[in-house]
J.: 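Before I ask anything, let me first share the structure, which is written out below as structure tokens.
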Amino acid sequence: MTPTLTRRQALAGAGSLALAGAFPAPAIAQNAPIKLGGLTTLEGPFATGGQDAYRCVQMELERINHTAGGRRIEFIRESSNARADVALARARKLVEQDGVDIVLGPLSGAEGIALKDYSATLTGKTIVNGSSAAADTTLRNPSKNFFRFSTDGTQWMAGVGNYVRKTLNIPEVCVVAGDYAFPYAQVFGFSLEYCRAGGKATYLWSPLGTTDYASQIAQIPKSAGALVVVHGGTDGLAFMTQYAQAGGSLPIIGGSIMADQTMMSARGPHRKLMIGMVSGGPIADVNDDPNWNEFVARYRKRWANEGGFQSPSIHGVNYTTNLQGILGALEEVRGDLSGDQQAFQAALAKRRFKNPMGAEVSLDHNRQAVSDIFLTKIEEREGKPVTVAFARAAQINQTLGVPEAQFLALGAPSRNNTGCIVAG
């Protein structure tokens with residue numbers, strides 16, 4: 001992106017009439033900045049992940065000198081608390097009071113669905129996802145003004161269910177999960193494979209923000225051979241701490257947020273149980289790809305002394321991936337957001353690039369990412385837990401390779417629709 005911009009500026013400075021005549025720059029690009037609104041969770045259970053999302057966005061904007069498509073980018077931040085109503089109010093404030101052109105966000109699943117619905121009411125505005133990963137944000141009733149370059153929670157579990165049943169040979173698991181949109185998607189993706197491979201599952205749900213898990217821990221069947229934990233943020237930390245204190249010893253299969261630096265950077269009795277935990281998702285701390293190694297090196301250099309993790313979080317990587325989509329499209333249209341952003345949105349829809357993990361990203365007809373998913377295991381290296389990629393599923397789409405009509409017929413993920421369908 002940057003070399004293209006530099007070359008155009010150089011040609012314009014040299015008086016290239018051919019370039020100027022073929023691609024006349026929009027008049028507004030000479031002075032008015034593009035207003036990019038950022039919305040992430042800085043309050044509530046995912047605040048730590050939200051902070052890292054903004055760290056990564058800031059790092060990337062600094063790298064391009066806050067300029068894309070020949071126009072200055074003015075970044076206006078807002079924060080939510082993982083509640084859909086709060087996220088919607090903050091998004092409305094960004095659009096209707098601050099006058100942003102594009103919103104980057106939100107972080108959590110129910111927030112994403114709320115912003116998708118809001119985007120459908122807008123004209124001449126675009127919302128690009130941050131890290132929210134509920135399946136139905138894009139799978140059902142998609143909005144033409146909402147784009148997601150990060151994969152969803154169902155995609156993140158591709159391969160995990162089969163690995164647990166067929167490779168680890170665990171015939172029964174207990175799933176403990178949050179009772180809201182994102183865990184529904186994760187549980188659905190896991191169960192769809194696990195149960196069809198002959199596995200049996202028990203499901204225990206708890207509201208977001210639960211602090212006491214004693215009764216849930218007491219309900220874990222003694223026949224379970226592993227515990228599938230689909231929590232995140234302070235919920236995941238609270239559950240794992242209390243499970244360890246209760247003497248829990250089952251092997252842990254983690255939802256994607258459980259394997260994130262936001263969990264592993266916290267100290268406590270949960271750390272011992274997490275070593276060896278298998279999970280799946282869009283990132284791995286240890287991944288032999290030059291894109292990733294360069295990204296991690298820049299992250300550590302920028303944030304080592306300002307609260308950063310030893311490796312970027314899943315939220316930081318997802319926000320960066322979605323920002324990459326925005327910046328590349330702005331370059332494509334040379335910063336022109338006129339015509340109700342139709343050319344910009346067309347450029348977004350056609351974007352194809354490599355994300356920080358080195359995985360190729362493109363969008364399907366619902367403006368949802370198709371990309372690679374990594375199976376990971378937590379190992380302790382140099383005294384610190386890290387996720388190590390041991391398998392990679394290439395170009396996973398939102399229906400996990402199942403024909404879309406057949407996948408939609410399975411119904412929307414929920415606490416009552418876990419995807420646990422035993423093969424006939």
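We use all heavy atoms of the structure for the numbers below, so side chains are in, but hydrogens, waters and symmetry mates are not. Since this is a predicted model, take the numbers as computed values, not measurements.
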J.: Going through the distances and angles, do Val175 and Thr202 end up as a side chain to side chain contact (heavy atoms under 4.5 Å, CB included)?
T.: CA-CA 6 Å; Val175 178; Thr202 299; over 6 Å; no

J.: Are the charged groups of Lys272 and Glu380 less than 4.0 angstrom apart, N to O?
T.: no

J.: Less than 4.0 Å between a side-chain N and a carboxylate O, is that true for Asp336 and Arg334?
T.: no

J.: Can you check whether Gly308's main-chain N or O pairs, donor with acceptor, with Gln51's side chain at less than 3.5 Å?
T.: no

J.: For the CG atom on Asp179, are there more than 12 heavy atoms of other groups (residues, nucleotides or ligands in this structure) within a distance under 6.0 Å?
T.: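 Enclosed.
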
J.: So, taking the atom named CG in Asp98 and the one named CZ in Arg77, what distance separates them when rounded to the nearest 0.5 Å?
T.: 14.0 Å

J.: So is Arg300 actually on top of Phe295's ring, under 6.0 Å and inside 45° of the axis?
T.: no

J.: Answer yes or no on whether Arg367 is positioned over the face of Phe146, meaning its NZ or CZ is under 6.0 Å from the six-membered ring centre and within 45° of the axis.
T.: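 Checked: cation-pi criterion not met.
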
J.: Is the shortest side-chain N to carboxylate O distance from Glu382 to Lys384 below 4.0 Å?
T.: no

J.: Check Lys93 with Glu78, please: is the shortest side-chain N to carboxylate O separation under 4.0 Å?
T.: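 Judged by the 4.0 Å cut-off on N to carboxylate O distance, Glu78 and Lys93 do form a salt bridge.
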
J.: Under 3.5 Å, side chain of Glu60 to main-chain N/O of Cys56, donor-acceptor pair present?
T.: no

J.: May I ask you to test the Thr321-Pro356 pair for a side-chain heavy-atom distance under 4.5 Å?
T.: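 Thr321 reaches Pro356 side chain to side chain.
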
J.: A side-chain contact here means heavy atoms from C-beta on lying under 4.5 Å apart; do Ile220 and Leu250 qualify?
T.: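 The answer is yes, as the side chains (C-beta and beyond) meet within the 4.5 Å cut-off.
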
J.: Taking Thr387 as the fixed residue, which of Asp260, Asp285, Thr376 is the one that meets the side chain to side chain donor-acceptor pair (under 3.5 Å) rule?
T.: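 In the set Asp260, Asp285, Thr376, the residue that makes a side chain to side chain donor-acceptor pair (under 3.5 Å) with Thr387 is Asp285.
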
J.: Under 3.5 Å, is there a donor-acceptor pair linking the side chains of Gln242 and Gln216?
T.: no

J.: Is the centre of the Phe390 ring less than 6.0 Å from the centre of the Phe374 ring?
T.: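 Ring-ring flag for Phe390/Phe374: false, centres at least 6.0 Å apart.
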
J.: Does Leu227 reach the side chain of Ile253, with side-chain heavy atoms less than 4.5 Å apart?
T.: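 No, their side chains stay 4.5 Å or more apart.
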
J.: Could you please spell out the steps behind the side chain to side chain contact (heavy atoms under 4.5 Å, CB included) verdict for Val128 and Val103?
T.: CA-CA 6 Å; Val128 179; Val103 174; over 6 Å; no

J.: Can you give me the closest heavy-atom contact between Ala134 and Thr137, atom names plus distance?
T.: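 Heavy atoms of Ala134 and Thr137 come nearest at O-OG1, 3.2 Å.
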
J.: Show the nearest heavy-atom pair for residues Cys420 and Ser191, with the distance to one decimal.
T.: N-CB, 3.8 Å

J.: In terms of heavy-atom contacts, does NZ of Lys125 have more than 12 from other residues, nucleotides or ligands at under 6.0 Å?
T.: yes

J.: Quick one, Val296 and Pro312 - any side-chain contact, counting heavy atoms below 4.5 Å?
T.: yes

J.: Quick one, Arg302 and Arg55 - any side-chain contact, counting heavy atoms below 4.5 Å?
T.: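 No, too far: nothing below the 4.5 Å cut-off.
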
J.: Of all heavy-atom pairs between Ser362 and Gln395, which one has the smallest distance, and what is that distance?
T.: OG-OE1, 4.4 Å

J.: Can you name the nearest heavy-atom pair linking Cys174 to Ala224, along with the distance?
T.: N-CB, 3.9 Å

J.: How long is the span from the CG atom in Asn81 to the CG atom in Leu42, to the nearest 0.5 Å?
T.: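 Output value for this atom pair is 10.5 Å.
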
J.: Parallel, tilted or perpendicular: which one describes the rings of Phe239 and Tyr213, with boundaries at 30° and 60°?
T.: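 Aromatic pair Phe239/Tyr213 classed perpendicular.
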
J.: Is there a donor-acceptor pair under 3.5 Å between the side chain of Arg71 and the backbone N or O of Gly335?
T.: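 Yes.
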
J.: How long is the straight-line distance from CG of Asp235 back to OG1 of Thr211, given to the nearest 0.5 Å?
T.: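 Reported to 0.5 Å precision, the distance equals 9.0 Å.
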
J.: Would you check if the side chain of Asp372 reaches a backbone N or O of Ala359 as a donor-acceptor pair within less than 3.5 Å?
T.: no

J.: Taking Glu360 as the fixed residue, which of Arg351, Lys354, Arg352 is the one that meets the salt bridge (charged side-chain N to carboxylate O under 4.0 Å, His left out) rule?
T.: Arg352

J.: Is any side-chain heavy atom of Val386 closer than 4.5 Å to one of Ile378?
T.: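 When only atoms from C-beta onward are counted, Val386 and Ile378 do not touch, as no gap falls below 4.5 Å.
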
J.: Please check if the side chain of Asn322 supplies one atom and the backbone of Gly130 the other of a donor-acceptor pair under 3.5 Å.
T.: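 Yes: the side chain of Asn322 pairs with the backbone of Gly130.
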
J.: Determine whether Leu337 and Leu330 satisfy the following criterion, side chain to side chain contact (heavy atoms under 4.5 Å, CB included), listing intermediate values before the conclusion.
T.: CA-CA 8 Å; Leu337 297 180; Leu330 287 174; 3.9 Å; yes

J.: Begin with the C-alpha distance, continue with both residues' side-chain angles, and end with the deciding distance and a verdict on side chain to side chain contact (heavy atoms under 4.5 Å, CB included) for Asp101 and Thr126.
T.: CA-CA 7 Å; Asp101 302 294; Thr126 303; over 6 Å; no

J.: Short question: side chain of Thr210, backbone of Ser206 - any donor-acceptor pair under 3.5 Å?
T.: no

J.: Please determine, by modelled atom types, if Asn145 and Gln345 share a side-chain donor-acceptor pair under 3.5 angstrom.
T.: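 Judged by distance alone, the side chains do pair up.
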
J.: So that I can tick it off, tell me whether Glu43 and Arg90 are bridged by a salt bridge, with the cut-off set at under 4.0 angstrom between side-chain N and carboxylate O.
T.: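 Result for this pair is yes, salt bridge flagged.
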
J.: Does the side chain of Asp117 come under 3.5 Å of the side chain of Ser143 through a donor N or O and an acceptor N or O?
T.: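 Absent: no donor and acceptor within the cut-off.
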
J.: How are the rings of Phe46 and Tyr180 set to each other: parallel, tilted or perpendicular (split at 30° and 60°)?
T.: tilted

J.: Closest heavy-atom contact between Ser132 and Gly112?
T.: OG-CA, 3.5 Å

J.: Do Val228 and Val164 have side-chain heavy atoms sitting under 4.5 Å apart?
T.: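 No; the side chains remain at least 4.5 Å from each other.
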
J.: Testing the 3.5 Å rule here: is there a donor-acceptor pair between the side chains of Asp152 and Gln368?
T.: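 Absent: no donor and acceptor within the cut-off.
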
J.: Ignoring hydrogens and angles, state whether a donor on the side chain of Gln245 or His270 is under 3.5 Å from an acceptor on the partner side chain.
T.: no

J.: Ring centroids only, cut at 6.0 angstrom: are Trp205 and Tyr184 within range, meaning strictly under it?
T.: yes

J.: Among side-chain atoms of Tyr299 and Ser311, is any donor-acceptor pair under 3.5 angstrom?
T.: no

J.: For the atom pair CG (Leu323) and CG (Asn129), what is the distance rounded to the nearest 0.5 Å?
T.: 12.5 Å

J.: Can you tell me if Thr40 and Tyr319 form a side-chain donor-acceptor pair at under 3.5 Å?
T.: yes

J.: Between the main-chain N or O of Pro142 and the side-chain N or O of Asn366, is there a donor-acceptor pair closer than 3.5 Å?
T.: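 Pair absent, no side-chain N/O of Asn366 close to backbone of Pro142.
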
J.: Distance alone, cut at 3.5 Å: any donor-acceptor contact between the side chains of Ser150 and Asn318?
T.: no

J.: Do the rings of Phe182 and Trp156 sit parallel, tilted or perpendicular, given the 30° and 60° boundaries?
T.: perpendicular

J.: Just by distance, with hydrogens left out, do Gln398 and Thr154 show a side-chain donor and acceptor under 3.5 Å apart?
T.: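 Side chains of Gln398 and Thr154: no pair found under 3.5 Å.
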
J.: Taking the side chain from Asp52 and the backbone from Ser313, do they hold a donor-acceptor pair closer than 3.5 Å?
T.: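 Present.
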
J.: With heavy-atom distances below 4.5 Å as the criterion, would you say the side chains of Gln186 and Phe188 are in contact?
T.: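 Side chain of Gln186 against side chain of Phe188, heavy atoms only: no contact under 4.5 Å found.
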
J.: Looking at every heavy atom in both Met240 and Leu273, which two are closest together, and how far apart are they?
T.: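 Nearest heavy atoms, Met240 then Leu273: CE-CB, 3.9 Å.
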
J.: Check whether Ser279 reaches the backbone of Gly255 with its side chain - one donor and one acceptor, N or O, closer than 3.5 Å.
T.: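 The answer is yes, because a donor-acceptor pair under 3.5 Å joins these two groups.
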
J.: Quick check against the 3.5 Å criterion: does Lys35 have a side-chain atom that pairs as donor or acceptor with the backbone of Val95?
T.: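 No, Lys35 side chain to Val95 backbone: no donor-acceptor pair under 3.5 Å.
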
J.: Taking atom CG of Leu327 and atom CG of Leu104, what is their separation to the nearest 0.5 Å?
T.: 9.0 Å

